[in-house]
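The structure appears right after this line, and notes come after that.
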Amino acid sequence: DILIEKGIPQMDSERLRLLKVDVEGFELRAFKGLNLERYPFLYVTFEFFPKMLRDAGTDPVDLLMHIYAKYDCGLKPSKMPSRGSTLTQTKREEMNEWIDGIKNHVNIYCRLKATV
């Protein structure tokens, strides 16, 4: 666990506000390794690059589904996809259609969902 290795105190987790993930297509692996109970980052941001994800062996929809389970996300595309500037779809087919409209990449910004 890199956070433990680098010395971030467990009791100081409320200070963890933003996590920027930039792992060149391996985002799903990185997010699966993130322990949100122990380190509840309020915000995460990552570059969503479908080709790079596929080259790394990840289905881009799997990444979105994993993120959307715990985070509310919007996006700020580098180039606007044809379907608009926000992704609110949760159905796999709709996500694939949205992904197909991405020419290069988009930056996605997310906020941890409130727990009830």
Side-chain angles (χ1 to χ4, degrees):
D1 189 343
I2 193 71
L3 294 174
I4 291 172
E5 181 182 317
K6 295 298 180 185
I8 296 174
Q10 284 181 244
M11 300 308 294
D12 203 16
S13 64
E14 68 275 359
R15 297 183 69 190
L16 301 174
R17 298 284 184 215
L18 173 68
L19 175 66
K20 165 68 168 122
V21 176
D22 187 357
V23 290
E24 305 299 320
F26 294 93
E27 287 77 6
L28 182 57
R29 292 180 193 175
F31 282 118
K32 282 185 174 181
L34 180 62
N35 184 337
L36 290 175
E37 288 72 36
R38 191 174 202 175
Y39 302 106
F41 286 95
L42 185 57
Y43 301 97
V44 296
T45 181
F46 60 99
E47 192 174 78
F48 185 73
F49 200 141
K51 181 185 180 326
M52 217 178 259
L53 288 163
R54 288 183 187 107
D55 289 349
T58 298
D59 180 341
V61 174
D62 290 344
L63 172 59
L64 293 177
M65 298 295 275
H66 182 79
I67 293 298
Y68 279 42
K70 296 185 179 177
Y71 284 89
D72 290 319
C73 299
L75 62 89
K76 182 179 179 185
S78 299
K79 293 186 178 180
M80 294 292 251
S82 59
R83 296 206 55 210
S85 62
T86 61
L87 176 62
T88 57
Q89 298 90 341
T90 55
K91 293 183 181 173
R92 195 167 194 85
E93 307 82 44
E94 291 173 333
M95 285 186 172
N96 270 318
E97 185 179 332
W98 179 80
I99 289 166
D100 289 344
I102 298 172
K103 300 297 180 215
N104 191 8
H105 74 279
V106 294
N107 294 306
I108 297 184
Y109 305 91
C110 307
R111 180 182 171 94
L112 187 64
K113 290 181 180 176
T115 56
V116 180

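It should be emphasised that the depicted structure is a prediction, and the values quoted were computed from it without experimental measurement.
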Once you round to the nearest 0.5 Å, how far does CZ of Arg111 lie from OH of Tyr71? 10.5 Å

Here the gap from Leu112 atom CG to Tyr43 atom OH, rounded to the nearest 0.5 Å, amounts to 10.0 Å

CG of Leu28 to NZ of Lys32, rounded to nearest 0.5 Å, is 4.5 Å

Please verify the inter-ring angle class for Phe46 with Phe31; under 30° counts as parallel, over 60° as perpendicular, anything in between as tilted. perpendicular

Listed by chain and number, what are the side chain to side chain contact (heavy atoms under 4.5 Å, CB included) partners of Arg29, not counting sequence neighbours? Phe26

Taken to the nearest 0.5 Å, the spacing of His105 NE2 from Lys51 NZ works out to 14.5 Å

If you define the side chain from C-beta out and look only at heavy atoms, does anything of Thr45 sit under 4.5 Å from Leu18? yes

If Ile, Leu, Val, Met, Phe, Trp and Tyr residues are connected whenever their side-chain heavy atoms lie under 4.5 Å apart, and connections chain through other members, are Phe49 and Val21 in the same group? no

Counting only N and O atoms by type, is there a donor-acceptor contact under 3.5 Å from the side chain of Glu97 to the main-chain atoms of Met95? no

Do you reckon Val106 sits in the same ILVMFWY cluster as Met52, going by side-chain contacts under 4.5 Å, direct or chained? no

With rounding to the nearest 0.5 angstrom, report the SG to CG distance, Cys110 to Leu42. 11.5 Å

Could you check whether any side-chain heavy atom of Asp59 comes within less than 4.5 Å of a side-chain heavy atom of Arg92, counting everything from C-beta outward? yes

Output the distance between atom CG (Leu53) and atom CD (Glu27), rounded to the nearest 0.5 Å. 5.5 Å

Closest heavy-atom contact between Gly25 and Thr58? O-OG1, 4.1 Å

Hey, mind stepping through Ile99 and Leu64 against side-chain contact (heavy atoms from CB on, under 4.5 Å) and telling me if it holds? CA-CA 10 Å; Ile99 289 166; Leu64 293 177; 4.0 Å; yes

